[in-house]
Novice: 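My questions all concern the structure below.
Small disclaimer: the values here were computed from a predicted structure and weren't measured.
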Amino acid sequence: MTEDTRPPAPSGDTESGDDAGEGAAAQASASDILGAALGDAARRAGLDPNEGKSTGHVVWAAMGGWRGVLESVVPGLVFILAYTLTIDPASGEGDLWLSLGLSVGIAAIFTVARLIARQPITAAVGGLVAAGVAAAFAAFTGEASNNFIPGFITNALYGTAFLVSALIGWSLIGLAVGFLMGEGTAWRKDKRKRRAFFWLAIAWASLFAARLLVQLPLYFADNVTALGMLKLVMGLPLFAPLLAVTWLAVRALYPPERK
């Protein structure tokens, strides 16, 4: 019986290779989970390119139709109108509690209306929770401008997420679309798709950043009326066109098969 004189493989190299493999597997697994979640959310919002719907129909459905638009706009609009109309010339401040009460009350009415009609209440409940949290910030501090703090936090988080995902090569747009189109993360091997998803993620990050850049100075200046109106203007009016551009770009990358 001969003795094996071959030197054993260096343990450090083996561990390094195992660690690299485990790291890649963990990254792929995380992207799969995130992509599947994003794809499912986009599908439930009506953003499935496979359905072959028109751009206008898709954007309108994503906003929730007239009901969704009203649920998104009316509570904030009521807050601004009530606060502005009740401003005391002497103090320069409006009736905070009345404004908050009307805003949260309107959001609650929308939620109850969906419950009565037995319709999906996700959007309405989301709006009610958002209105309630914003009202809590303002109520606890006694400052009407703090009603907008949750919106600033949301914009900062979303903007950062889109920006980071683009810079590290795992665009959130690409992850969602990849799983919607049944190709998972295979789009990362296609330079054209990677470039498109990179810039789409940058575009969404820019939207959230623009909101902060424009609105934060008004917040620090305590200009509640201007801040509220700009929040509405930079909401759906900017969201809808960018959503349409994103949809058209995805359709160009994944043209429907001709029968």
Side-chain angles (χ1 to χ4, degrees), residues 38 41-49 53-84 99 102-111 113-114 119-135 145 147-162 172-173 176 200-216 218-219 223-251:
L38 292 173
R43 185 178 291 107
R44 284 187 280 106
L47 299 172
D48 190 348
K53 296 179 180 178
S54 67
T55 302
H57 183 280
V58 168
V59 173
W60 189 244
M63 292 191 299
W66 281 111
R67 186 186 291 270
V69 172
L70 292 176
E71 290 171 348
S72 299
V73 173
V74 173
L77 181 60
V78 167
F79 173 82
I80 292 303
L81 290 177
Y83 187 84
T84 302
S99 305
L102 290 175
S103 176
V104 176
I106 290 293
I109 290 174
F110 281 130
T111 303
R114 281 190 179 269
Q119 295 179 339
I121 62 172
T122 303
V125 169
L128 177 58
V129 171
V133 172
S145 58
N147 184 63
F148 302 96
I149 287 181
F152 296 148
I153 296 174
T154 299
N155 282 302
L157 291 176
Y158 282 171
T160 300
F162 275 105
L172 292 178
I173 303 294
L200 286 173
I202 291 296
W204 281 100
S206 299
L207 170 62
F208 296 117
R211 289 174 177 174
L212 292 174
L213 290 173
V214 172
Q215 295 172 23
L216 278 175
L218 294 174
Y219 167 78
N223 192 336
V224 177
T225 300
L227 177 57
M229 295 308 298
L230 267 177
K231 180 181 179 180
L232 293 176
V233 171
M234 301 185 76
L236 288 180
L238 294 185
F239 170 83
L242 186 52
L243 180 61
V245 169
T246 302
W247 174 262
L248 291 172
V250 171
R251 289 294 298 271

Novice: Do I173 and F162 come within less than 4.5 Å of each other through their side chains, counting heavy atoms only?
Specialist: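 With C-beta onward as the side chain, the pair touches.
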Novice: Pairs in or reaching into residues 229-242: which pass side chain to side chain donor-acceptor pair (under 3.5 Å), with residues at least two apart or in two chains?
Specialist: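 For residues 229-242, and leaving out neighbouring residues, there are no side chain to side chain donor-acceptor pair (under 3.5 Å) pairs at all.
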Novice: Which atom pair, heavy atoms only, marks the closest approach of A134 to P150?
Specialist: CA-CG, 3.7 Å
Novice: Give me the ring orientation class for F148 and F79: parallel if the planes are under 30° apart, tilted from 30 to 60°, perpendicular past 60°.
Specialist: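 Perpendicular: the ring planes of F148 and F79 meet at over 60°.
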Novice: List for me each residue that meets side chain to side chain donor-acceptor pair (under 3.5 Å) alongside Y158, sequence neighbours excluded, and say none if there are none.
Specialist: none
Novice: Using side chain to side chain donor-acceptor pair (under 3.5 Å) as the criterion, list what pairs up with S72, not counting sequence neighbours.
Specialist: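 S72 satisfies side chain to side chain donor-acceptor pair (under 3.5 Å) with no residue once adjacent residues are dropped.
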Novice: Pair F208, L157 - check side-chain contact (heavy atoms from CB on, under 4.5 Å), show working.
Specialist: CA-CA 9 Å; F208 296 117; L157 291 176; over 6 Å; no
Novice: With sequence neighbours excluded, tell me which residues meet side chain to side chain contact (heavy atoms under 4.5 Å, CB included) with A249.
Specialist: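 For A249 the side chain to side chain contact (heavy atoms under 4.5 Å, CB included) partners, ignoring immediate neighbours, are L200.
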Novice: Tell me every residue that passes side chain to side chain donor-acceptor pair (under 3.5 Å) with T160, counting only those two or more places apart in sequence or in another chain.
Specialist: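 Expected list: none.
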Novice: Is the backbone N or O of Y83 less than 3.5 Å from a side-chain atom of S99, with the two atoms forming a donor-acceptor pair by type?
Specialist: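 Between the backbone of Y83 and the side chain of S99 there is a qualifying donor-acceptor contact (under 3.5 Å).
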Novice: According to side chain to side chain donor-acceptor pair (under 3.5 Å), who are the partners of T225, at least two apart in sequence or on a separate chain?
Specialist: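 Checked T225 against side chain to side chain donor-acceptor pair (under 3.5 Å); matches are T84.
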Novice: Just jot down the side chain to side chain contact (heavy atoms under 4.5 Å, CB included) partners of A244, sequence neighbours excluded, or say none.
Specialist: T55, V59
Novice: Which heavy atom of L236 sits nearest a heavy atom of P241, and at what distance?
Specialist: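 The pair with the smallest heavy-atom distance is O-CD, 4.1 Å.
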Novice: Excluding sequence neighbours, so at least two apart, what forms side chain to side chain contact (heavy atoms under 4.5 Å, CB included) with V74?
Specialist: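 V74 satisfies side chain to side chain contact (heavy atoms under 4.5 Å, CB included) with L70, V78, I106, F110 once adjacent residues are dropped.
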Novice: If we ignore hydrogens and angles and just use 3.5 Å, is the side chain of S145 paired with the main-chain N or O of V224 as donor and acceptor?
Specialist: no
Novice: Can you confirm whether L212 sits close enough to F152 that some side-chain heavy atom of one is under 4.5 Å from a side-chain heavy atom of the other?
Specialist: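 Yes, their side chains come closer than 4.5 Å.
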Novice: Could you work out, with side chain to side chain contact (heavy atoms under 4.5 Å, CB included) as the rule, every residue matching V233, not counting sequence neighbours?
Specialist: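 Expected list: none.
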Novice: Pair W204, L172 - check side-chain contact (heavy atoms from CB on, under 4.5 Å), show working.
Specialist: CA-CA 10 Å; W204 281 100; L172 292 178; over 6 Å; no
